[in-house]
Number of protein chains: 2
Amino acid sequence: MPGKEISLAVIQRLPRYYRYLGELLENDVVRISSKELSERMNVTASQIRQDLNNFGGFGQQGYGYNVEYLYTEIGKILGLDKRYSLIIIGAGNLGQALANYTDFERRGFYLKGIFDVNPRLEGISIRGVEIQMMDNLEEFVKKNKVHIAALTIPKMKAPQTAKEITDMGIKAIWNFAPVDLNLPSDVIVENVHLAESLMRISYTLKDLEASRESDGN
Amino acid sequence: MPGKEISLAVIQRLPRYYRYLGELLENDVVRISSKELSERMNVTASQIRQDLNNFGGFGQQGYGYNVEYLYTEIGKILGLDKRYSLIIIGAGNLGQALANYTDFERRGFYLKGIFDVNPRLEGISIRGVEIQMMDNLEEFVKKNKVHIAALTIPKMKAPQTAKEITDMGIKAIWNFAPVDLNLPSDVIVENVHLAESLMRISYTLKDLEASRESDGN
DNA sequence: TAGATTGTTAATCGATTAACAATC
DNA sequence: TAGATTGTTAATCGATTAACAATC
């Protein structure tokens, strides 16, 4: 049984810690203090220590943290010591771009299938994985354990398809469609809303442009 | 001069409000109360009212909010009534996928250039925009106002390229490389870290799988 | 007018930061 | 041992929620 619930804010920060530790490891840094890491990452040392202590004491007083050990431990917390199977639903530009990302495999995410409704794409192979027709999906999921489905299909089709694949037993959806999927609470949904990301840029740009104008520039 | 600083949390929520209001508008809904919107969006009505009142009173007591008006106003706050020019640096799979997104144009983001170092890509045209060599970038930026650069290049090259393009005067970077860009504070950086997004899935999946095992399943 | 719902103030909750005793 | 730095408690800060008077 897990103790106190870990806050979402902490979980969101873990991958970034992991990334920085990975870089330190590549540069053969053996140990690091929360203070030094905090300076590199632009966060407070206090926050780093608090965050890590949600999962146990990984450091040592007077010494700091062993980089390799901490890296491994955070990897375990993030579940990166496991293997996950991934399918991509929607073999358009974005789906194909994801399919070509070999980096995911380094983290334990293995591409097992690509599906689309467009018959012209059938049989095209991306990194050794053939695009299949959506009709085959149900059978495929029965025969193969699928952990994660990336949803790179049009907004209009996303909610219905999401429902269908969760009915098939898929428990995690990486959703790239600009819509909220309302699914049972035991289904993990991670959204990547690119348009919203762009809007955050334009929000800030707007003021920048306005102040530039009033500067007489 | 802007009044109290708007918190990042609020800004992050604005695009989602905008999306829901857009859908309501499409469905010819004329007015909506914070209560009803809160139920659809799974947030509190109080939060909606607080968020909106950061920017002024858009509603009317006893009535609620006029959907079209609120949609337009949030659009203005997000700077979506302006036009922004966008270039893509890195014409790999992801860069090309972004280039093919016509949806961005609907929001005022216009693709003006695509750049890469690979000579084999030179001259290939995506939606009427030819891929150019990186050598041309500086001259291009001098001749054309560039608001936003999407950075879809390898991690190793990202920090250096980011520095170069901000030196050229580009003020906003949409960063897809899995690395933090340390740039002057007047440069807007919006990160899209896909690997980190996947890790948040595996964090939760890990526990799901573990509990499934202990269930004897 | 009566009812509904906002705008806004006050209360609560949670997350971040500061401080420091414990200890390597 | 003395110095450094963690783990952890306490203080602060900010964000969310609740409540309600204002008002359409």
Side-chain angles (χ1 to χ4, degrees), chain A residues 2-18 20-21 24 29-74 76-77 200 203, chain B residues 2-18 20-21 24 29-74 76-77 200 203:
Chain A
K4 214 180 326 93
E5 196 67 39
I6 310 294
S7 84
L8 193 64
V10 174
I11 295 162
Q12 308 247 61
R13 283 193 291 268
L14 286 181
R16 187 154 178 265
Y17 292 137
Y18 189 74
Y20 272 83
L21 288 163
L24 290 168
V29 176
V30 174
R31 60 169 279 262
I32 193 153
S33 67
S34 58
K35 182 157 182 293
E36 200 191 332
L37 188 58
S38 78
E39 283 158 6
R40 289 176 185 254
M41 294 186 66
N42 261 301
V43 295
T44 64
S46 207
Q47 180 165 75
I48 292 175
R49 294 204 298 278
Q50 287 276 25
D51 283 353
L52 297 179
N53 271 82
N54 280 297
F55 305 97
F58 299 129
Q60 193 171 301
Q61 281 102 328
Y63 174 86
Y65 300 87
N66 177 286
V67 172
E68 189 172 2
Y69 174 69
L70 188 55
Y71 178 77
T72 308
E73 288 303 309
I74 294 181
K76 282 187 205 164
I77 293 165
R200 285 191 283 273
Y203 170 83
Chain B
K4 212 180 324 91
E5 196 67 39
I6 309 294
S7 84
L8 193 63
V10 174
I11 296 162
Q12 308 246 63
R13 283 194 290 268
L14 286 181
R16 189 155 176 266
Y17 292 137
Y18 189 74
Y20 272 82
L21 288 163
L24 289 169
V29 177
V30 174
R31 61 170 278 261
I32 194 155
S33 67
S34 58
K35 181 157 182 292
E36 201 191 330
L37 188 57
S38 77
E39 282 157 8
R40 288 175 188 254
M41 294 187 66
N42 261 302
V43 297
T44 64
S46 208
Q47 181 165 76
I48 292 175
R49 294 203 300 277
Q50 286 277 24
D51 283 353
L52 297 180
N53 271 84
N54 281 296
F55 305 98
F58 300 129
Q60 193 170 303
Q61 281 102 327
Y63 175 84
Y65 299 87
N66 177 286
V67 172
E68 189 173 1
Y69 174 68
L70 189 55
Y71 178 77
T72 308
E73 288 303 309
I74 295 181
K76 282 186 203 165
I77 293 165
R200 286 191 282 273
Y203 169 84

- Please report the C-alpha distance between Y65(A) and L52(A) in whole Å, then the side-chain angles of each, then the deciding distance to 0.1 Å, and finally whether the side chain to side chain contact (heavy atoms under 4.5 Å, CB included) criterion is met. CA-CA 11 Å; Y65(A) 300 87; L52(A) 297 179; 3.6 Å; yes
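- At a cut-off of 3.5 angstrom, the base of dT17(D) holds at least one donor-acceptor pair with the side chain of Q50(B).
- Regarding M41(B), its CE atom lies at a distance of 13 Å from the P atom of dT16(D), rounded to whole Å.
- OP1 or OP2 of dT6(D) has at least one side-chain nitrogen or oxygen of R49(A) nearer than 4.0 Å.
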- Message: Assess the residue pair R13(B) and Q47(B) against the criterion (side chain to side chain contact (heavy atoms under 4.5 Å, CB included)); give the C-alpha distance rounded to whole Å, side-chain angles, the decisive distance to 0.1 Å, and a yes or no.
- Response: CA-CA 10 Å; R13(B) 283 194 290 268; Q47(B) 181 165 76; 3.4 Å; yes
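- When each of V10(A) and G62(A) is assigned the nucleotide of DNA chain C bearing its nearest heavy atom, the one mapping closer to the 5' terminus is V10(A).
- Look at dG14(D): its Watson-Crick or wobble partner, with both distances under 3.5 angstrom, is dC13(C).
- Under the 30°/60° scheme for interplanar angles, the aromatic rings of Y18(A) and Y71(A) are found to lie parallel.
- Here I74(B) contributes atom CD1 and F58(B) contributes atom CZ; the two are 7.0 Å apart, rounded to the nearest 0.5 Å.
- In this structure, CG of N53(B) is placed 15 Å from C1' of dA21(D), rounded to the nearest angstrom.
- Atom OH of Y20(A) and atom CZ of R40(A) lie 9.5 Å apart (nearest 0.5 Å).
- The CG atom of N54(B) sits 13 Å away from the C1' atom of dG14(D) (whole-angstrom rounding).
- Across all strands shown, dA22(C) pairs with dT5(D); the Watson-Crick or G-U wobble distances both stay below 3.5 Å.
- Between the side chain of S7(A) and the base of dA15(C), no donor-acceptor pair under 3.5 Å is found.
- At least one side-chain nitrogen or oxygen of S34(B) sits closer than 4.0 Å to the OP1 or OP2 atom of dT6(C).
- When rounded to the nearest whole Å, the span between CD of Q61(A) and C1' of dT8(D) equals 10 Å.
- Across the protein-nucleic acid pair, I48(B) atom CD1 and dT6(C) atom C1' stand 12 Å apart, rounded to whole Å.
- When each of dA19(D), dT5(D), dT17(C) is scored by its nearest atom to the side-chain atoms of S46(B), the top-ranked nucleotide is dA19(D).
- Summarising the geometry, the separation between CZ on F58(B) and P on dT8(C) is reported as 12 Å, rounded to the nearest angstrom.
- In this structure, CD of Q47(A) is placed 11 Å from P of dA18(C), rounded to the nearest angstrom.
- For dT16(D), the OP1/OP2 oxygens have no side-chain nitrogen or oxygen of T44(B) closer than 4.0 Å.
- If you measure from atom OH of Y65(A) to atom C1' of dG7(D), you get 8 Å, rounded to the nearest angstrom.
- Between R31(B) and dT6(C), a side-chain N or O to OP1/OP2 separation shorter than 4.0 Å is absent.
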